[in-house]
Number of protein chains: 2
Amino acid sequence: MLIARSTDYAIRALKYLAESGEEVAVSELTQKLKIPWPFMRKIMQLLGRGGFVASKKGPGGGFILLKKPEEIYLTELIKLFQGPVCLNECVFKKKVCANKRTCYLSKKLGEIEEYAYLVLSRINLKEIMEGGRNYGKTENN
Amino acid sequence: MLIARSTDYAIRALKYLAESGEEVAVSELTQKLKIPWPFMRKIMQLLGRGGFVASKKGPGGGFILLKKPEEIYLTELIKLFQGPVCLNECVFKKKVCANKRTCYLSKKLGEIEEYAYLVLSRINLKEIMEGGRNYGKTENN
DNA sequence: CAATAAAGATACCAACATGGTATCATATAT
DNA sequence: ATATATGATACCATGTTGGTATCTTTATTG
Ligand code: FES
Ligand code: FES
């Protein structure tokens with residue numbers, strides 16, 4: 001799967017923040033987006049570390065968007081929540097395969113990965129917000 | 001990951017069978033390819049059910065390739081061992097997302113999946129055998 | 001016709017990734 | 001001071017996948 005749940009939730013949260021424009025507490029996010037509370041918190045914290053949002057503690061505090069929607073690229077979010085986009089990893093996981101350079105399959109998978117990265121790296125939050133008007137409104141669990 | 005371990009092992013086994021041309025027992029496969037024995041068996045059984053190989057029981061028995069290498073496509077193997085190639089599944093796993101049709105992200109991921117499928121579906125065993133002379137000789141685990 | 005060597009079937013186990021939870025510490029507004 | 005928010009972090013639960021074990025069935029061969 002290219003996009004994990006955590007990344008998806010992050011997108012929804014960012015979208016909400018972008019539309020709100022002001023400080024939003026996790027409690028509000030979690031209510032509006034129907035996402036489990038502690039999980040949402042974890043995600044917001046990560047977004048904070050990633051520099052996408054700023055946080056304010058105390059009553060009335062919450063999270064606020066730091067970047068413009070058009071500056072938030074999908075690949076950045078994926079990297080933050082799932083690590084680098086990678087589809088052609090040699091099956092001998094951790095260990096590097098000696099044939100990686102010459103392996104035919106690896107080359108082909110690399111092409112796919114390259115294409116995937118290209119497409120994903122062009123998608124930004126603004127596009128998602130405009131392109132998919134109902135993204136994140138999937139209340140049908 | 002596009003290609004799982006099981007699929008990879010299957011490719012190696014098929015390659016070996018193709019080069020051998022005659023009945024090969026799992027014991028031989030497992031020795032030559034350095035793949036765990038019971039796992040290899042399971043994989044060969046699946047390949048049998050998938051119609052890629054025929055089996056012969058009893059002493060001297062084993063598996064023999066049923067198709068020509070150029071008729072064995074990577075997507076078929078992936079389907080057999082990992083299920084259908086799918087990269088754009090909506091995060092609400094099992095349940096179908098009502099917005100699937102209009103979701104911008106889903107559309108983009110669909111494009112990637114389509115491309116991936118196109119590339120993979122053109123790759124056959126013969127290509128792999130010729131293109132990557134040392135595929136499956138990764139003895140460096 | 002035994003004994004043996006193979007595969008068929010199937011249930012089980014272990015490691016890992018991921019989604020999700022809980023807890024305690026810290027900062028801030030009132 | 002207290003309530004309300006996040007920061008950090010450790011933990012738990014579930015599912016998938018790689019891997020194992022066991023028992024049955026079929027065929028060869030002496
Ligand atoms: S088998 Fe390792 S890169 Fe191809
Ligand atoms: S959120 Fe379900 S398809 Fe986009």
Side-chain angles (χ1 to χ4, degrees), chain A residues 1-10 12-13 17 22-31 33-64 66 78 80-83 86 89-95 141, chain B residues 1-10 12-13 17 22-31 33-64 66 78 80-83 86 89-95 141:
Chain A
M1 208 58 350
L2 282 170
I3 307 232
R5 198 105 138 214
S6 45
T7 310
D8 184 283
Y9 286 171
R12 299 179 189 214
L17 288 192
E22 46 177 22
E23 221 102 42
V24 177
V26 169
S27 57
E28 183 179 342
L29 282 172
T30 216
Q31 270 177 35
L33 302 178
K34 306 252 176 85
I35 293 173
W37 190 76
F39 196 27
M40 185 82 265
R41 284 210 46 195
K42 198 155 93 173
I43 286 167
M44 293 315 295
Q45 290 191 3
L46 242 186
L47 282 175
R49 279 183 225 149
F52 294 92
V53 300
S55 69
K56 210 174 93 187
K57 290 182 182 180
F63 294 89
I64 195 164
L66 275 185
I78 293 177
L80 186 59
F81 287 92
Q82 309 170 221
C86 176
E89 189 179 298
C90 174
V91 286
F92 294 106
K93 307 260 156 161
K94 326 284 175 191
K95 308 161 186 175
N141 355 359
Chain B
M1 207 59 345
L2 282 172
I3 307 231
R5 198 104 138 216
S6 45
T7 309
D8 183 283
Y9 286 170
R12 299 180 188 212
L17 289 192
E22 46 177 23
E23 220 102 43
V24 177
V26 168
S27 56
E28 184 180 340
L29 282 172
T30 216
Q31 270 177 34
L33 303 177
K34 307 252 175 85
I35 294 173
W37 189 76
F39 196 26
M40 186 83 263
R41 285 210 46 194
K42 197 155 96 174
I43 287 167
M44 294 315 295
Q45 289 191 3
L46 243 187
L47 281 174
R49 280 184 224 150
F52 293 92
V53 299
S55 68
K56 210 175 94 187
K57 290 183 182 178
F63 294 89
I64 195 164
L66 275 185
I78 293 177
L80 186 60
F81 287 93
Q82 309 169 219
C86 176
E89 188 180 297
C90 173
V91 287
F92 295 105
K93 307 258 158 162
K94 326 284 174 190
K95 308 159 186 176
N141 353 3

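Letters A, B, ... mirror the listed sequences (proteins, then strands); counts begin at 1. Side chains included, hydrogens not; waters and symmetry mates left out as well; all remaining heavy atoms used.
For Ala4(A), counting side-chain heavy atoms from C-beta on, the closest listed nucleotide (dA7(C), dG19(C), dG18(D)) is dG19(C). Of the candidate nucleotides dG19(D), dT23(C), dT10(C), dT10(C) has the atom nearest to the side chain of Arg49(B). Side-chain proximity of Ser6(B) to the nucleotides dA8(D), dG18(D), dT21(C) is greatest for dG18(D). Out of dG19(D), dA7(C), dT23(C), the shortest distance to the side chain of Ser55(B) is found at dA7(C). Each of dT9(D), dT21(C), dA9(C) was ranked by its minimum atom distance to the side chain of Gln45(B); first place goes to dA9(C).
The minimum heavy-atom distance linking Gly61(A) with Ala25(A) is given by the pair O-CB, 3.9 Å. Of all non-hydrogen atoms in Ser6(B) and Ile43(B), the two that sit nearest each other are O-CD1, 3.9 Å. Residues Cys86(B) and Met1(A) share a closest heavy-atom pair of O-CE, 3.3 Å. Contact detail for Trp37(B) and Thr30(B): the closest heavy-atom pair is CA-OG1, 3.1 Å. Closest approach of Leu29(A) to Val24(A), counting heavy atoms only: CG-CG1, 3.9 Å.
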Every protein N/O lying under 3.5 Å from an N/O of nucleotides 27-30 of chain C:
from, atom 1, to, atom 2, distance (Å)
dA27(C), O4', Lys57(A), NZ, 3.2

Mind listing the N/O atom pairs, protein and nucleotides 10-13 of chain D, below 3.5 Å?
none

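Residue pairs meeting the salt bridge (Lys or Arg N to Asp or Glu O under 4.0 Å) criterion with at least one partner in residues 47-61 of chain B, sequence neighbours excluded, are Glu23(B)-Lys56(B).
Here Gln31(B) pairs with nothing under the side-chain hydrogen bond (donor to acceptor under 3.5 Å, both in side chains) rule; sequence neighbours left out. Residues satisfying the side-chain contact (heavy atoms from CB on, under 4.5 Å) criterion with Ile78(A), sequence neighbours excluded, are Ile3(A), Thr7(A), Leu74(A), Gln82(A), Val85(A), Leu120(A).
At whole-Å resolution of the value, CH2 in Trp37(B) and P in dG8(C) are 12 Å apart. Atom CD1 in Ile43(B) sits about 14 Å away from atom P in dG8(C), given to the nearest Å. Across the protein-nucleic acid pair, Gln31(A) atom CD and dA5(D) atom P stand 11 Å apart, rounded to whole Å. Between Leu47(B) atom CG and dA7(C) atom P there is a gap of 13 Å when expressed in whole angstrom units. As a whole-Å value, the separation of Glu23(B) CD from dA5(C) C1' is 13 Å. Rounded to whole angstrom, the span from the CG atom of Leu33(A) across to the P atom of dG20(C) amounts to 14 Å. Distance CZ (Phe81(A)) to P (dG20(C)): 13 Å, rounded to an integer number of Å. Atoms CD1 (Ile3(B)) and C1' (dT17(D)) sit 16 Å apart, rounded to a whole Å.
Within 4.0 Å of Ser27(B), counting heavy atoms only, lies no atom of the nucleic acid at all. Among the protein residues, Pro36(A) comes within range of the sugar-phosphate backbone only, with heavy atoms under 4.0 Å from sugar or phosphate atoms but none that close to a base. Residue contacts shown for Gly62(A) are limited to sugar-phosphate atoms, with no base heavy atom under 4.0 Å away.
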*Leu33(A) vs Tyr9(A), side chain to side chain contact (heavy atoms under 4.5 Å, CB included): CA-CA, chis, key distance, verdict*: CA-CA 9 Å; Leu33(A) 302 178; Tyr9(A) 286 171; over 6 Å; no
*For Leu47(A) and Phe81(A), what are the C-alpha separation, side-chain angles and deciding distance, and is it a side chain to side chain contact (heavy atoms under 4.5 Å, CB included)?*
CA-CA 9 Å; Leu47(A) 282 175; Phe81(A) 287 92; 3.8 Å; yes
*side chain to side chain contact (heavy atoms under 4.5 Å, CB included) evaluation trace for Val26(A) with Phe63(A)*: CA-CA 8 Å; Val26(A) 169; Phe63(A) 294 89; 3.5 Å; yes
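When side chains are defined from C-beta on, Leu17(B) does not count as touching Ile64(B), because their heavy atoms never get closer than 4.5 Å. Looking at heavy atoms from C-beta onward, Phe52(A) lies in side-chain contact with Leu80(A) at the 4.5 angstrom threshold.
Arg41(A) has no side-chain polar atom (N or O) that falls below the 4.0 Å cut-off from OP1 or OP2 of dT21(C). Within the 4.0 Å cut-off from OP1 or OP2 of dG18(D), not a single side-chain nitrogen or oxygen of Tyr9(B) is found.
Each end of the helix from dC1(C)-dG30(D) to dT30(C)-dA1(D) gets its own axis from five base pairs, and the two axes differ in direction by 10°, given to 10 degrees.
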